[in-house]
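Following: one structure in C-alpha cells, then a few remarks.
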Amino acid sequence: RLRETIDVRERLELALELQRERLALMQVRKRIQDDVESGVEKQQREFILRRQLDSIRKELGEDEASVLEEYRAKITEAEMPENVLEQAERELSRLERMGDQTPEATVIRNYLDWLLAVPWSKRSEERLDPKYTREVLDADHAGLDDVKDRIVEYIAVAKLRKERGIEEDKRSGAILTLIGPPGTGKTSIGESIARATGREFVRMSLGGIRDEAEIRGHRRTYIGALPGRLVRALRDAGTMNPVIMLDEVDKVGADWRGDPSSALLEVLDPAQNHSFRDHYLDVELDLSEVVFIATGNMAETIPGALLDRMEVIRFDGYTTDEKVAIARDYLWPRQRERNGLREDEVSIPDDAIELVVTEYTREAGVRQLERELGTVLRKTATTIASEAAEPPVAIDEAAVREALGRQKVFRETAERTAVPGVATGLAATMAGGDVLFIEATSHKDGDKLVLTGQLGDVMKESAQIAISAVRALAMQLGIEEEAFANRAFHVHVPAGAIPKDGPSAGITMATAIASLLTGRPVKHTVGMTGEITLQGRVLPIGGLKQKVLAAHAAGITDVIIPERNRADLDDIPELVRDDVTFHPVMSIAEVLSLALEEKPVQSSVSV
C-alpha cells in the first residue's frame with residue numbers, strides 16, 4: 001500500500017497510521033508481559049516466604065504434620081462417643097487433604113477445638129449422701145423446707161439406684177424449677193446443691209435472650225459461628241454431669257431470630273435431652289446427667305409447653321422470724337466483713353434486727369434487709385474509723401433509728417378501713433405478697449361503673465360481678481333497691497401507676513361495695529382473698545402462702561380464704577398459723593358476716 005501510494009504526503013500519513021496501530025499492539029504486549037512478570041515475582045516471593053515459614057515451624061516443632069498429629073492425639077485422649085469420634089476423624093482428614101493455609105482450614109481447626117473442648121469422658125465423682133446434703137442445705141439457707149426435702153429426695157433416689165445396680169433410665173431426669181420473689185435464695189441454693197453432691201456449678205442467665213442460636217448454636221456456614229450456651233457451660237464446668245442453673249427462665253423473649261423458649265424444650269425434656277444436637281457441633285450431646293435447676297419470679301410468664309417439662313417448687317418468702325434468723329446468721333456477718341469490721345468490734349441484738357425488718361423493709365426476700373444492715377454497719381465503721389467511738393459498739397434500737405432515719409413501712413390497715421367502702425385485699429406479685437386497699441364510692445350520675453387503678457380485664461369483670469352479687473343480697477343486708485337505681489359506682493385500687501390484674505379480688509370488691517351501701521366499716525383486722533361468681537360462690541385462688549405472709553407482716557390477724565384453699569394452709573409456717581386466724585368460706589354472705597362491723601357508723605349513700 002505504501003509503494004502504491006504515489007503522493008508523498010499521503011504515503012507519510014499512511015505510514016504514521018500503520019505505526020500507531022503497531023505501537024498500540026506493542027504497548028498491550030508490554031503491559032501483559034509486565035503483569036505476568038510481576039505475578040511470577042509475587043508467587044516466587046510467597047513461595048520463598050512459605051518455605052521460610054515452614055522452616056521456622058519445623059525449628060519450633062509446629063509444622064503441619066505435627067499439628068495434625070497433635071489433633072490426632074487429643075482426639076484419642078478425649079475418649080469421645082463413637083459417632084463424635086467419626087465426625088472428628090472426618091474433619092481431621094479434610095484438614096489434612098486441603099493443607100493448613102486455606103481459609104477453610106481455619107474453620108475446621110476452630111470446629112475441632114470446640115469438639116475437643118467438650119469434656120466427653122470427664123465426670124465428677126458424685127457424693128450421694130442425703131444426710132450430708134441436708135446438712136449443707138441447712139448450713140447455707142434458713143427455712144425453705146419444701147425445697148430442701150425435694151432435693152434430699154432426689155439424692156436419696158439416685159443413691160438407691162446406684163447401690164442396687166438399677167440401670168440408669170435417661171428419661172427419668174428431674175428439672176427442678178424454683179419460682180418465687182427476688183431475694184429469696186433461688187440462685188444461691190443451686191450452688192449449695194452442687195457443693196452437697198460434689199458436682200461442678202455453672203450459671204446461665206437467660207433473662208432477655210431472643211436469639212435461638214444462644215441455645216442451639218450457630219451453623220458453621222456463618223462467619224463468627226459459635227456453639228450454644230449449653231456447650232460453653234459444659235466446657236466451663238469441665239465435666240458432663242454439672243449442676244447448671246438456668247436463671248430467669250421466665251424472662252426469655254422471642255423475635256424474628258427465633259424462639260429460645262422453644263429451643264429449651266429439648267434441653268429440659270428428660271425424654272429428649274439425652275440426644276441434644278447443637279447446630280455448630282452437629283453431633284449428639286447427652287445432657288441426661290446434667291442437673292438442671294431453673295429459676296423465675298412468675299410461672300405465668302413461662303410458656304405452657306416449657307412449664308410442662310418442669311417440676312415447680314415455690315419460694316413464697318420468709319416470715320419475720322425467719323428474716324431475723326437469716327440476718328443474724330448470714331447477712332450480718334457478710335456485711336460486717338465487707339465493711340472492714342471484726343466480730344468483736346460490733347454486735348446487734350435480735351430485737352434491733354426485727355426493728356429493721358418490720359419498720360424499714362417490706363419484701364418477700366432479704367435483699368433490702370441486707371442493704372439496710374449494710375447502711376447501719378457503714379455508719380458504725382465511719383464512727384470507729386474517725387475515732388468518734390471506741391469498739392466494741394453495740395447496735396441498739398436507738399442506733400438503728402439514727403442510722404436509717406424515719407420509719408419507711410407503716411401498718412395502715414386500721415386507718416384506711418375506718419370509713420365504710422374500704423376493704424383490705426391480698427395479692428400475689430412478682431415481688432411476693434402484697435396488701436391492697438380497694439375503695440368504693442357512689443354518686444347520682446346515671447347507671448354506670450367507673451374503675452380506676454390500672455386494672456386489667458379480669459379485675460374489671462370481677463368488679464361488675466361484685467355489684468351484681470351484692471345487689472342480689474340487698475334484702476338480706478338491709479340495702480334498699482333504690483340504693484342501686486340511677487347511681488354510678490366508682491371502684492378504685494390505689495397505687496394507680498402499677499398495673500393490677502388477676503382472679504382473686506372479687507370478694508374484696510364485693511365487700512367494699514357492701515360496706516359502702518350498708519355504712520358498716522370493714523374490720524381493720526380482716527384481710528381477704530377469693531374470686532366470686534354471680535351466684536355469690538367463692539372460688540379458689542393461687543399464691544395463698546405469699547398473700548398470708550404479706551397479711552401477717554401488715555398486722556392482719558383474720559384472713560378470709562376460699563373453702564377449697566383449706567388444704568393449702570399446710571404450706572403456711574407454723575409461727576404464722578399461730579398468729580393468724582383463717583376463715584374458709586363458700587359464699588359471699590359468709591364473707592360479709594365475717595368482715596363487716598355489726599353497726600354502721602354513717603351511711604355514705606343517700607337514697
Side-chain angles (χ1 to χ4, degrees), residues 62 64 67-68 70-72 74-75 78 80-120 202-240 242 244-249 251-269 272-288 290 292 294 303 305-306 309:
E62 296 180 356
E64 185 176 336
V67 170
L68 294 172
E70 182 181 351
Y71 273 119
R72 194 166 281 113
K74 286 182 178 178
I75 291 171
M80 299 174 175
E82 187 176 348
N83 62 324
V84 182
L85 182 61
E86 291 176 1
Q87 177 75 358
E89 290 177 345
R90 192 181 305 121
E91 293 296 325
L92 188 61
S93 298
R94 287 183 60 205
L95 179 64
E96 192 172 12
R97 288 195 304 271
M98 69 178 52
D100 197 34
Q101 307 304 323
T102 60
E104 181 69 17
T106 304
V107 175
I108 296 175
R109 290 183 64 170
N110 287 338
Y111 175 78
L112 289 173
D113 288 339
W114 274 108
L115 208 59
L116 291 167
V118 178
W120 300 102
V202 183
R203 178 178 173 270
M204 287 172 50
S205 180
L206 302 180
I209 69 167
R210 295 179 175 272
D211 191 353
E212 183 183 341
E214 290 283 342
I215 306 298
R216 289 191 176 276
H218 303 87
R219 299 197 182 276
R220 276 191 287 161
T221 52
Y222 297 110
I223 296 174
L226 283 173
R229 291 195 182 191
L230 284 161
V231 173
R232 284 177 269 171
L234 292 175
R235 177 202 62 184
D236 295 341
T239 63
M240 292 297 286
I244 296 182
M245 173 70 73
L246 303 175
D247 244 347
E248 310 295 351
V249 74
K251 299 177 181 63
V252 175
D255 62 7
W256 56 271
R257 288 168 289 188
D259 184 2
S261 63
S262 297
L264 282 171
L265 291 177
E266 184 181 358
V267 176
L268 299 182
D269 191 343
Q272 300 180 44
N273 65 10
H274 61 278
S275 58
F276 173 75
R277 186 176 289 268
D278 184 88
H279 285 162
Y280 182 84
L281 296 182
D282 200 27
V283 294
E284 289 187 353
L285 273 169
D286 185 358
L287 301 178
S288 61
V290 176
F292 287 105
L306 186 57
R309 269 90 174 165

Worksheet item: Can you name the closest pair of heavy atoms from Ala88 and Leu112 and give their distance?
Response: O-CD2, 3.8 Å
Response to the item:
Residues Phe276 and Ile215: closest non-hydrogen pair is CZ-O, 3.9 Å
Discussion item. Can you list everything that forms a side chain to side chain donor-acceptor pair (under 3.5 Å) with Asp113? Sequence neighbours excluded, please.
Written reply: Tyr71
Worksheet item: Checking side chain to side chain contact (heavy atoms under 4.5 Å, CB included) for the pair Leu306/Val252: CA distance, chi angles, key distance, verdict?
Response: CA-CA 11 Å; Leu306 186 57; Val252 175; over 6 Å; no
Worksheet item: Nearest heavy-atom pair of Trp120 and Val84: which atoms, and what distance?
Response: CZ2-CG1, 3.6 Å
Response to the item:
Checking Val202, Val290, Thr239 against Leu234 for side-chain contact (heavy atoms from CB on, under 4.5 Å), the one that qualifies is Val290
Discussion item. I'd like to know whether Leu230 forms a side chain to side chain contact (heavy atoms under 4.5 Å, CB included) with Met204, so could you lay out the CA-CA distance, the side-chain angles of the two residues, the decisive distance to 0.1 Å, and finally the verdict.
Written reply: CA-CA 8 Å; Leu230 284 161; Met204 287 172 50; 4.1 Å; yes
Worksheet item: In chain order, what residues pass the side chain to side chain contact (heavy atoms under 4.5 Å, CB included) check against Arg235, with sequence neighbours excluded?
Response: Trp114, Ala117, Arg232
Response to the item:
By side chain to side chain donor-acceptor pair (under 3.5 Å), Gln87 pairs with (sequence neighbours left out) Arg90, Tyr111
Worksheet item: In Å and rounded to the nearest 0.5 Å, what is the CZ to CD distance from Arg72 to Glu96?
Response: 5.0 Å
Practice prompt. Looking only at non-hydrogen atoms, find the nearest pair between Arg109 and Leu95 and report the distance.
Written response: CG-CD2, 3.9 Å
Worksheet item: So which heavy atom on Ile209 is nearest to which on Pro260, and how close?
Response: O-CG, 3.7 Å
Worksheet, complete the sentence: Taken to the nearest 0.5 Å, the spacing of Leu226 CG from His279 NE2 works out to 14.5 Å
Worksheet item: Rounded to the nearest 0.5 Å, how far does CZ of Arg277 lie from CG of Asp282?
Response: 5.0 Å
Worksheet item: How long is the gap from CZ on Arg309 to CG on Leu265, to the nearest 0.5 Å?
Response: 5.0 Å
Fill in: Verdict with reasoning, Val118 to Val283, per side chain to side chain contact (heavy atoms under 4.5 Å, CB included)
CA-CA 11 Å; Val118 178; Val283 294; over 6 Å; no
Practice prompt. Find the distance between CG (Asp278) and CZ (Arg219) and round it off to the nearest 0.5 Å.
Written response: 10.0 Å
Worksheet entry | Over all atoms of both residues, closest heavy-atom pair of Tyr280 and Ala225 | CE1-O, 3.7 Å
Worksheet entry | Atom pair CD/OG of Glu212 and Ser261 - distance to nearest 0.5 Å | 9.5 Å
